[in-house]
Structures are given as C-alpha cells and as structure tokens.
Participant: 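Just dropping this structure here.
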Amino acid sequence: MYAIDATFLEKEEIETGQVHVSFSIFLLELLEAFDKLGYSDQICVIINYNAKKFMQERFPRFHYCIVTWKPLELLYVLTKGKKTGTEYLKKLGFFRRKIKRGKFDCVWLPLGEPLDIMAKNVTYFCTIHDLMYYHGNGPKPQKRLEKVVVNSKHVVTISEFIKHDVVSSFPYDEKNITVIPNSITMSESNMKVVKGIRNKFILDINGYGKHKNTLTLIKAFHNIYKKYSDIDLVCCGGWMSPEYYDELLTYVSENGLKDRVHLLYRIPEPEKNWLLHNATVFVTPSTNEGFGRTPVEAALCKIPVISTKAASLYEVTKGLVHYYENPYDDKELTSILINVIEKPESDAVLKKISEELRETYSAINCALKYWDIFDKVREGKHENI
C-alpha cells in the first residue's frame, strides 16, 4: 500500500471545507484523480485527527492513517479548534512511529516536507514546488529541505525551472528527478457571483507578498483607470504578508483608487471560478513562481492573459499568452494592458490556447505519471523513471 502525506492541510480549510491554498488544491485534485482511476484501495492518506471528518467525507474510499493523542484532542476541544497541536505530534515522533508501523511500500511527501514525519527504513519520494525559502530564509530551512531531498528515493519537481534549481542546489542525482506539472481542473458550473463587482475587471489571483508584485499591477492600473472608467481591478489572495498588504492599501487610498481596486482575500472557490470566467484580462506580475497556477487557470477559461517571464511562468504557460520583460516596470505593463484591452484575441485563438493547456494539465494524466513513480520506487527502479 502507498501512503500520502496530507498533514499540511490548513485548519481553516478543514473546518470550513473551503480549500484556498495552492498546495491543498494540488493534493486534492490528484486524490480525486486517483479515486477516479480506481486506485483508492491501494492508498492510505496520512492525516491529523482534526482532518478526519473533512477527508473521510470527501474521499470515503481511501484508507487513512490518523495520528492523534488524547491530550491534544482535549486541547482542541477546550480551545474551540484554535489549537490542533500538529507540530507537537510531529516533534514528539507520533507521525514517524505511525508510519513505521504502517509498513507502507512507499510514502509520498507532496509538499517536500515535513522532515518531522520521515522515519528510518521507510521509502520516501517527494515533490518540490519551489526553493524560494531555501534561498532566502537562512540555515534552518536550508538544512531541513536538503535532508528531505537527499533522503528521498526520487524527487518530482513541478517545472523544469525547479528541476534545474534542485540540481544546482543539492547533492542529488538528476537521473532521479522527474518533472510533473501540477494538475489544473476548472469547473464551469460551480460558480457564484462576487458581490460588489459591477464593472468589467482586470484580474490577478495571487498571494499578497512582495514576490507576487501586486503593487506594480496596481500602479499600471492607476495609469489607465481614468481612460477605462468601466473597468476595475480585482486582486484575490489566498495568503498575505500583513506588511505588504498594508503597503497595497496605502497606495490605493493615497491615489484615490478605493472604489476601483478590490483587494479580496480567501474567497470561496465558486466565487474564484466566477472571477476567472468573467475577467476582461488576467494579469500575473509575479517575480517568483515554481509553477504559476492561476494564469493557466485563466487561460483555460478562455481569458486573455498577461504574465511576466520570471522563473517558471513562461514555461508553464508554454509561451502561449502575452508577456512583459521587466516585472517591476508598470509603464511596460500599462502598454500591454491597453493593447490587450483594445485588441483582444479572437474566441477561436483563446479556445485553442485553452485546449492545449487543458491536455497538458489534465489531472488524470498527472495522476498516471505519479502512479508510475509509486510503482517504480516500490520496485527499486526509480533510477530508470
């Protein structure tokens, strides 16, 4: 039996049933694909005790390795769900012992973490989404991530860009690295109108952090908002850096954009789908993406897309959308925005782009590639994948 780590699902996602973090979306889409392929009886999902109801209702056919400790369950009840104690379960070795007793053929770490659950004499492989924290957050994250990689029988990266980064950053054999893009599934029926959005709109769905570079897009919109009085800017983040978010709010306020710029946060999936299907143009000004899911989602919805070429973005969008060279140049972005607004692609062109990306990022295709790695790692043939 194969085991899959799902301990990184956020408490809020588990409690509300609204999944908004890209890593969680990535895992749940693949689990749905494994289920559709009929593999559920061969999979055990590793979860914390507070995720039991959420996961078993969503995926009743999977097996589960549920890690718990009665004192922490009591703490969870007494704090009304505010404290789950997951970090203590990991530090005290509860996950390691449970996994070792499970005698799994191999364990997949979809987030490339956590080191805390890696037990000796257990076969692991991991997925690396990006090395941003490895490169910028000091020796502690460097040491932990490197240990996860070097102790994995195989490594999956979500883009060629990240593969090259892993090879140049860690003592790991390139032969044991496979590139599998994240799957992307878009719903055309599960949609709900976002209240307060009355005009047409430019859309950006990203976190609110410095490397997401939302401020450059707001500046570009500021350059054209009087020219296009019927078009607003909508930004939607699944996470935020409070300092950077405050910087955005300050710029919006000081430049008289409060009625035209909508900074949304953690909206439900149906509302996100509505935004993606109804935008006039989608823009991603990001400077660092291991994959870059949201511009692909927009293109799948047949929306014109403008992106930087930073990191993996050109690769992931396959050179099919509009690009600007300097992520921080709001004037360059303004020029492209005007061009796309006034001369958008035909429906036929947008449909062709959508179809090409849909095939590339099919959840079933991605799940089959992962299943091949499960089998090869179990058989000790990972060097030949």
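Here the structure is a predicted model, which means the values were calculated and not measured.
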Participant: Measuring from S24:OG to L9:CG, what's the distance to the nearest 0.5 Å?
Facilitator: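 S24 OG to L9 CG: 5.0 Å, rounded to 0.5 Å.
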
Participant: Compare all side-chain heavy atoms of P171 with those of V150 and state whether any distance is below 4.5 angstrom.
Facilitator: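 Yes, their side chains come closer than 4.5 Å.
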
Participant: Considering only heavy atoms from C-beta outward, does the side chain of D35 approach that of L31 to under 4.5 Å?
Facilitator: no

Participant: State whether E15 and K11 are salt-bridged, where the test is any N-O pair (Lys NZ or Arg NE/NH1/NH2 against Asp/Glu carboxylate O) under 4.0 Å.
Facilitator: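 A salt bridge links E15 with K11.
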
Participant: So is K210 actually on top of Y244's ring, under 6.0 Å and inside 45° of the axis?
Facilitator: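 No, K210 does not sit over the ring of Y244.
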
Participant: Can you tell which of R198, K200, K258, R260 makes a salt bridge (charged side-chain N to carboxylate O under 4.0 Å, His left out) with D232?
Facilitator: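 When R198, K200, K258, R260 are each tested with D232, the salt bridge (charged side-chain N to carboxylate O under 4.0 Å, His left out) holds only for R260.
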
Participant: Is any side-chain heavy atom of L30 closer than 4.5 Å to a side-chain heavy atom of S183?
Facilitator: yes

Participant: Under a 3.5 Å cutoff, is there a donor and acceptor pairing between the side chains of N206 and T284?
Facilitator: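 Judged by distance alone, the side chains do pair up.
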
Participant: Are side-chain heavy atoms of E269 and H20 found at a separation under 4.5 Å?
Facilitator: no

Participant: Is V193 reachable from M191 through a run of hydrophobic residues whose side-chain heavy atoms are each under 4.5 Å from the next?
Facilitator: yes

Participant: Is the shortest heavy-atom distance from the side chain of Y323 to the side chain of V321 under 4.5 Å?
Facilitator: yes

Participant: I'd like to know if L74 and W69 are part of one continuous hydrophobic network [Ile/Leu/Val/Met/Phe/Trp/Tyr, side-chain heavy atoms within less than 4.5 Å].
Facilitator: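 Different clusters.
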
Participant: Quick one: do the N288 and D130 side chains pair a donor with an acceptor below 3.5 Å?
Facilitator: no

Participant: Using modelled atom types and a 3.5 Å cut-off, is there a donor and acceptor pairing between side-chain atoms of Y208 and backbone atoms of L248?
Facilitator: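 Looks like no, no N/O pair under 3.5 Å.
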
Participant: Between the main-chain N or O of V21 and the side-chain N or O of E13, is there a donor-acceptor pair closer than 3.5 Å?
Facilitator: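 Side chain of E13 to backbone of V21: a pair is present.
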
Participant: Mind checking whether F59 and F34 have ring centres under 6.0 Å apart?
Facilitator: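 Centroid distance F59-F34: not below 6.0 Å, so no.
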
Participant: Just one of F23, F291, F8 clears the ring pair (Phe, Tyr, Trp, His ring centres under 6.0 Å) bar with H129, so which one?
Facilitator: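 The passing option is F23.
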
Participant: For D259, look at atom CG and say whether over 12 heavy atoms of other residues, nucleotides or ligands are found less than 6.0 Å away.
Facilitator: no

Participant: What I want to find out is whether K212 reaches E289 closely enough, with some N-O distance under 4.0 Å, to be called a salt bridge.
Facilitator: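 E289 and K212: salt-bridged.
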
Participant: Rounded to the nearest 0.5 Å, what separation is found between the CG atom of N278 and the CD1 atom of I197?
Facilitator: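 Separation between the atoms: 11.0 Å.
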
Participant: Among R293, K36, R58, exactly one meets salt bridge (charged side-chain N to carboxylate O under 4.0 Å, His left out) together with E29. Which residue is that?
Facilitator: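 Only one option passes, and that is R293.
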
Participant: Is the number of heavy atoms from other residues, nucleotides or ligands within 6.0 Å of CD (E188) greater than 12?
Facilitator: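 For E188, atom CD is not crowded (no more than 12 foreign heavy atoms under 6.0 Å).
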
Participant: Could you go through residues 115-126 and list every donor-acceptor pair under 3.5 Å that involves a side-chain atom there, pairing it with any protein atom two or more places apart or in another chain?
Facilitator:
unit_1, atom_1, unit_2, atom_2, d
D116, OD1, R144, NH2, 2.8
Y124, OH, I117, O, 2.9
Y124, OH, A119, N, 2.7

Participant: Quick one, H154 with K376, criterion side-chain contact (heavy atoms from CB on, under 4.5 Å). Give me CA distance, side-chain angles, the key distance, then yes/no.
Facilitator: CA-CA 10 Å; H154 200 82; K376 296 284 180 59; over 6 Å; no

Participant: Just verifying a value: how many Å separate I231 CD1 and I341 CD1, rounded to the nearest 0.5 Å?
Facilitator: 4.0 Å

Participant: Roughly how far, to the nearest 0.5 Å, is the CD1 atom of I224 from the OG1 atom of T334?
Facilitator: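 Answer for the OG1-CD1 pair, T334 versus I224, is 6.5 Å.
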
Participant: Within the supplied structure, the quantity of interest is the number of heavy atoms (other residues, nucleotides, ligands) at a distance under 6.0 Å from R97 CZ; does it exceed 12?
Facilitator: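 Atom CZ in R97 is packed in, count exceeds 12.
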
Participant: Are the side chain of S229 and the backbone N or O of K226 linked by a donor-acceptor pair below 3.5 Å?
Facilitator: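 No.
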
Participant: E332 side chain to N326 main-chain N or O, any donor-acceptor pair under 3.5 Å?
Facilitator: yes

Participant: Does any N or O in the side chain of E315 come within less than 3.5 Å of the main-chain N or O of S159, such that one atom is a donor and the other an acceptor?
Facilitator: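 Here the side-chain-to-backbone pair does not exist.
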
Participant: Can you check whether E359's main-chain N or O pairs, donor with acceptor, with N365's side chain at less than 3.5 Å?
Facilitator: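 Pair found, side chain donor or acceptor close to backbone of E359.
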
Participant: Less than 4.5 Å apart, side chain to side chain, heavy atoms only: is that true for V67 and Y49?
Facilitator: no

Participant: Could you verify whether a donor N or O on one side chain and an acceptor N or O on the other, from D375 and Y2, lie under 3.5 Å apart?
Facilitator: yes

Participant: Taking N213 for the side chain and P285 for the main chain, is one N or O donor matched with an acceptor at less than 3.5 Å?
Facilitator: yes

Participant: Do side-chain atoms of S312 reach the backbone of G290 as a donor and acceptor pair under 3.5 angstrom?
Facilitator: yes

Participant: Answer whether the closest heavy-atom distance between the side chains of F282 and I205 falls below 4.5 Å.
Facilitator: yes

Participant: Under a 4.0 Å N-O cut-off, is there an ion pair linking E271 with K195?
Facilitator: no

Participant: Within the structure provided, determine whether I46 and V107 are in side-chain contact (heavy-atom separation under 4.5 Å).
Facilitator: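 Yes. Closest side-chain heavy atoms under 4.5 Å.
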
Participant: Is I267 reachable from M240 through a run of hydrophobic residues whose side-chain heavy atoms are each under 4.5 Å from the next?
Facilitator: no

Participant: Measuring from atom CG of D5 to atom CH2 of W108, what distance do you get when rounded to the nearest 0.5 angstrom?
Facilitator: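 Result: 9.5 Å between the selected atoms.
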
Participant: List the steps and the verdict of side-chain contact (heavy atoms from CB on, under 4.5 Å) for Y370 and T127.
Facilitator: CA-CA 10 Å; Y370 268 102; T127 298; 3.0 Å; yes

Participant: Quick test of your reading of the model: are K351 and D347 salt-bridged, counting only N-O distances below 4.0 Å?
Facilitator: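 Judged by the 4.0 Å cut-off on N to carboxylate O distance, K351 and D347 do not form a salt bridge.
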
Participant: Return yes if a side-chain donor-acceptor contact under 3.5 Å exists between K318 and T360, otherwise no.
Facilitator: yes

Participant: Any idea how F221 and Y225 line up, ring-wise: parallel (<30°), tilted (30 to 60°), or perpendicular (>60°)?
Facilitator: tilted

Participant: Quick one: pull up NZ in K98 and CD1 in I66 and give me the separation to the nearest 0.5 Å.
Facilitator: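 Nearest 0.5 Å value for the NZ-CD1 distance: 7.5 Å.
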
Participant: I'd like to know if the side chain of T287 reaches the main chain of H211, judged simply by a donor and an acceptor atom lying under 3.5 Å from each other, with no hydrogens or angles considered.
Facilitator: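 Side chain of T287 to backbone of H211, a donor-acceptor pair under 3.5 Å: yes, one is there.
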
Participant: Check whether the side chains of T68 and K52 place a donor and an acceptor atom closer than 3.5 Å, and report yes or no.
Facilitator: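 No donor-acceptor contact under 3.5 Å links the two side chains.
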
Participant: Can you confirm if the NZ or CZ of R96 lies within 45° of the ring axis of F94 and under 6.0 Å from the centre of its six-membered ring?
Facilitator: no

Participant: Report yes or no: does S335 contribute a side-chain atom to a donor-acceptor pair with the main-chain N or O of K331 at less than 3.5 Å?
Facilitator: no

Participant: With a sphere of 6.0 Å drawn around OH of Y265, does it hold more than 12 non-hydrogen atoms of other residues, nucleotides or ligands?
Facilitator: yes

Participant: Using the rule given for side-chain contact (heavy atoms from CB on, under 4.5 Å), can you reason through H222 versus Y251, listing the C-alpha separation, both sets of side-chain angles and the distance that settles it, and then say yes or no?
Facilitator: CA-CA 10 Å; H222 184 219; Y251 185 91; 3.2 Å; yes

Participant: Which residue, R358, K302, K272, forms the salt bridge (charged side-chain N to carboxylate O under 4.0 Å, His left out) with E297?
Facilitator: K272

Participant: Should L111 and F26 be marked as a side-chain contact (heavy atoms from CB on, under 4.5 Å) after you check the CA-CA gap, both sets of side-chain angles, and the distance that decides it?
Facilitator: CA-CA 10 Å; L111 198 54; F26 154 73; over 6 Å; no

Participant: Under a 3.5 Å threshold, yes or no: a donor from one side chain and an acceptor from the other, between H322 and N339?
Facilitator: no

